[in-house]
Amino acid sequence: MEKQNNTNIRSSISTNNDESNTNDIELTLHNSNNIEKDDKKLADQLSVNSEIPKETIKVPNDPKYWPRKKKNFILFIISLAGMVAPLSSTIFYPSITNIENDLKTSRVLANGIIGVNIFFMGVAPLGWAAYSDAFYTRRNVYLASFIIYIIGTVICGLSNSIWLLLAMRLVQACGASAVLSIGAGTIGDIFHSFERGQAYGIFYLGPLVGSVIGPLIGGYITDYLGWRWILWILAVTEGLILILIFFALPETFAPPTNLPNPNNTTLNSRHRKRFDPTSPLRLLKYPNMLLVIVYISITYAIIYIQNTLAELSFTDIYHVSASTVGLIFLAQGTGYMIGSVIGGKWSDYVLMKAKKRNNGVGYPEMRLHSVWIGCFFISVSYICYGWFLEARLHIALPIIAMFTGAFSFVAVLNSVSTYLVDAFPGRSASAVAINNLTRSSAAALFTFISVPFEEAVGIGLIYTIMICVSFIGVVCLFVVSYKGKYWREKINSRIDE
């Protein structure tokens, strides 16, 4: 009897219908067909278990059915690699003055090493994601990008000119940024949709840890060894990660066989797409992509307004030292890390509950119902943060608001990023690359205008204005949560015609 059941399950795995209006893309084992009545038992198993028993289902060529330990080790590697990009950015915060004096340049150009890095970390993933999706590879992108990063880092350390340093910071950003989008694609490759929320939470721990420890490490290295040692240490660290990837990270990309792709003009999705670095931009024509990134970009702008103004605000109002400001940022970083883990579990829980209410059948938009609590606390936290500073209340109050705001922000970011992967199968890296581009552009813009913005309206009002603007983004998420399924099915039916 058990053998017969296993045979039935294998038969359902190998069946790939051409139906395109699927209710839950990831619940089908090859992302292609609606769940038929004969597959209900298998679908129920997938929605309850985070790991399919290998004695029940054996699909060695599908990374989603690799052993749990193997998938967790891959997740660890990409999370470790993901730490590099934010670490490379934030580690220079305490070193700007030293670089300015050492290279005999202006403050504006010295600050440019941060601005250039942030902007190109958003732009470069477009090329990496397009290459990855077009040539069906993740591993080769990781290897190439880390080699580029190491070369840029070494030349940065040898730079005696601010212009060479800026140019190599651009190269550095291009290399470090690949994992921000390709890592999301890797998660989509090896985890089912009902596992991805928690997987994303773990993945984002790497980037979040990098952003937290960067300023602390950079400050000590600058004081005791000099700012160039930051680059030598980064180069050595990246070299070790590159070796780990080369020997331990397998290829995870398993291109879909029958899934209609929103960016394809042919029904034959097996046909290899032409490499086009701008191809991810075409995803912006789909409303469920455009509306989601509107909210993400607005909230990122708020975060970087806070990051830019925090040192000025706390030193001016509470007269603390720069090192104390660095410790204050630990509240934000702690909120990021805790919110990443808890938010991922909450996202998966909400998705599974919604599936059960829908007779065991789910679709990506169900995950967005997990964001409403986080959206509420983001609004409350940052409005309170601004007015706590404006009123010069006890220093503990704005620090608490920093923590709750960061916690809520990452919990929401986790859900919407996972939604983008679920909603654009086969283009997951491109979807996340568009997300990185828009939010990095918003961050770079508001990094430059935050100081004059605050001088014009005041510290309390600046956050109130930005939160009011963010309500537009919340409305966008609400619309996608109820109309996104219809839009996706309409796109698929148009391709079938």
Side-chain angles (χ1 to χ4, degrees), residues 22 24-26 31 78 82 122 125-126 128-130 132-133 138 177-201 203-204 207 256 259 261-263 279-300 340 343-344 347-348 350-351 362-371 374-375 409-442 473-474 476-485 487-488 491-492:
T22 179
D24 186 5
I25 295 168
E26 287 302 327
N31 295 336
I78 63 174
L126 292 177
W128 294 121
S132 175
D133 288 339
R138 310 291 190 204
S177 64
V179 70
L180 299 178
S181 59
I182 306 303
T186 300
I187 289 176
D189 295 339
I190 65 177
F191 290 101
H192 292 283
S193 62
F194 50 84
E195 302 174 295
R196 288 180 191 153
Q198 183 174 355
Y200 265 108
F203 169 64
Y204 279 121
L259 179 67
N261 192 304
N263 196 44
S279 63
L281 294 173
R282 297 171 193 161
L283 294 178
L284 290 173
K285 67 183 179 182
Y286 302 115
N288 48 337
M289 166 63 75
L290 182 61
L291 294 179
V292 166
I293 64 175
V294 165
Y295 179 77
I296 297 175
S297 299
I298 295 173
T299 51
Y300 248 77
S340 183
S347 177
D348 287 342
V350 170
L351 176 63
Y363 48 88
E365 286 72 26
M366 287 179 172
R367 189 180 295 277
L368 292 180
H369 294 292
S370 65
V371 307
C375 290
F409 168 72
V410 170
V412 172
L413 179 65
N414 184 297
S415 293
V416 296
S417 297
T418 307
Y419 167 75
L420 292 178
V421 173
D422 291 344
F424 294 91
R427 298 300 307 278
S428 55
S430 295
V432 176
I434 287 293
N435 180 16
N436 290 337
L437 171 65
T438 54
R439 72 190 193 187
S440 295
S441 299
V474 174
C476 291
L477 290 182
F478 183 81
V479 172
V480 173
S481 69
Y482 285 97
K483 296 289 290 183
K485 180 174 179 288
W487 289 329
R488 286 186 299 103
I491 292 168
N492 290 338

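The model shown is predicted, which means the values in this text are computed figures rather than measured ones.
Under the side chain to side chain contact (heavy atoms under 4.5 Å, CB included) criterion, S340 pairs with Y204, L205, L208, V410, not counting sequence neighbours. Every residue meeting the ring pair (Phe, Tyr, Trp, His ring centres under 6.0 Å) condition with F409, not counting sequence neighbours, appears here in chain and number order: Y300. Every residue meeting the side chain to side chain donor-acceptor pair (under 3.5 Å) condition with S370, not counting sequence neighbours, appears here in chain and number order: S415. D348 pairs by the side chain to side chain donor-acceptor pair (under 3.5 Å) definition with R367, not counting sequence neighbours.
Looking at T299, its side chain does come within 3.5 Å of a backbone N or O of I296 through a donor-acceptor pair.
In terms of heavy atoms, S132 sits closest to I182 at CB-CD1, 3.5 Å. Contact detail for A442 and S297: the closest heavy-atom pair is CB-O, 3.5 Å. I78 and F203 make their closest contact through O-CE1, 3.5 Å (heavy atoms, listed as atom of the first residue, atom of the second, distance). When all heavy atoms of G473 and I298 are compared, the closest pair comes out as N-CD1, 4.2 Å. The minimum heavy-atom distance linking N414 with S347 is given by the pair OD1-CB, 4.4 Å. Across all their heavy atoms, W487 and N288 have their closest contact at CE3-N, 3.8 Å.
Here the side chains of I293 and L437 are not in contact, with every heavy-atom distance at 4.5 Å or above.
One distance of note links CG of N435 with CE of M289; it measures 7.5 Å at 0.5 Å rounding.
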* Determine, step by step, whether H369 and Y482 satisfy the side-chain contact (heavy atoms from CB on, under 4.5 Å) criterion, reporting the C-alpha distance in whole Å, the side-chain angles of both residues, the deciding distance to 0.1 Å, and the verdict. => CA-CA 10 Å; H369 294 292; Y482 285 97; 3.8 Å; yes

* Asked: Are L284 and I434 close enough, and set up right, to give a side-chain contact (heavy atoms from CB on, under 4.5 Å), and what steps lead you there?
  -> CA-CA 8 Å; L284 290 173; I434 287 293; 3.6 Å; yes

* To do: Show your reasoning for whether side-chain contact (heavy atoms from CB on, under 4.5 Å) applies to L283 and Y286.
  => CA-CA 6 Å; L283 294 178; Y286 302 115; 4.0 Å; yes

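In the model, Y419 has a side-chain atom that pairs as donor or acceptor with a side-chain atom of E365 under 3.5 Å.
Screening L291, V294, V416 for a side chain to side chain contact (heavy atoms under 4.5 Å, CB included) with L477, the sole residue that qualifies is V416.
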